[in-house]
Amino acid sequence: MPELPEVETVRRGLAPAMEGRVIERAEVNRPDLRWPLPAGLADRLTGARVGLLRRRSKYILADLDTGESLLIHLGMSGRMLVSGVMLGDFHLDHPAPQKHDHVVLHMEGGARVTFNDARRFGAMDLVRTDREAAHWLLAGLGPEPFGNDFHESYLVMALKSRKSPIKTALLDQRLIAGLGNIYVCEVLHRAGIDPRRAANRIASARLAGLVPIIRDVLAEAIEAGGSSLRDHRQADGELGYFQHAFRVYDREDAPCTACATPIRRIVQGGRSSYFCPSCQR
Ligand SMILES: [Zn+2]
């Protein structure tokens, strides 16, 4: 499932194809994805000029000159493809239409943006840009990890009231937006914190130390995504999935990169947690 760095990579890959350009034609090939698509989606997109492409948590928002923003969520299996533009050193030709190409945006200048989603866990919606904060998918989200509202005293306060394991608390999107299973595992390894420890029993200084670690881990992943945009692995035009070296995630029984102890996997709240039993206390 794409997390914040993957979604940010998609946003950066879409920007040159979409920002400042008119959607000359929108093809909407079915009435629903995970939820019904908004009424008249194709008509409301066709002829609109895209302004900024933004990201909030794992959602991409394309501001339109109609006063609406197109909200895009990749879900579990959604894929964004760009074609007809330069991506890194490659000019990507339009691919043949594929099964599950649910929404296709034909952009001014010849680019094409395709949303393909075999399992349809993704979503798209149109929201009035000036009322976006009240949208049901966005309203309950906590601060952005790179935003000014996310800082040491905020995080310490928020975690000191949680009795749940620190792993579970950090996955709560109301507390911090955009962190998912992969990057929480990586953050806790770098912080040396056992994922099973109750959040409110961890010293404040250690909790405060999570803020720069969260930012570093995400920034490094975004950087890896950025290099993948410039690199041949994205030459098929698919955005957002890139090779990234994880220190613990999906490395059960492999040696810890810091101390060579085998990485353990446990299940917390139905999700796998990977950690080093020696480095993480
Ligand atoms: Zn270790």
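Order of appearance sets the numbers: ligands from 1, and atoms from 1 within every ligand. Here the structure is a predicted model, which is why all the values come from computation and not from measurement. In this chain, residues are counted from 1 in sequence order. Worth knowing before you read on, the calculation uses all heavy atoms, side chains too, and leaves out hydrogens, waters and symmetry mates.
Here the OG-CD1 distance, from Ser69 to Ile60, works out to 13.0 Å after rounding to the nearest 0.5 Å.
Partner Ser273 forms a side chain to side chain contact (heavy atoms under 4.5 Å, CB included) with one of Arg265, Arg264, Gln268 and no other, that one being Gln268.
Counting heavy atoms of neighbouring residues, nucleotides and ligands inside a 6.0 Å radius, atom CG of Asn148 does not exceed 12 of them. Counted within 6.0 Å of CZ on Arg30, heavy atoms from surrounding residues, nucleotides or ligands total more than 12; the atom is thus considered enclosed.
Among protein atoms, those of element N, O or S found less than 2.8 Å away from the Zn ion (ligand 1) are Cys256 SG, Cys259 SG, Cys276 SG, Cys279 SG.
A donor-acceptor contact closer than 3.5 angstrom is absent between the side chains of Asp101 and Thr114. No donor-acceptor contact under 3.5 angstrom links the side chains of Lys99 and Asn116, judged on distance only.
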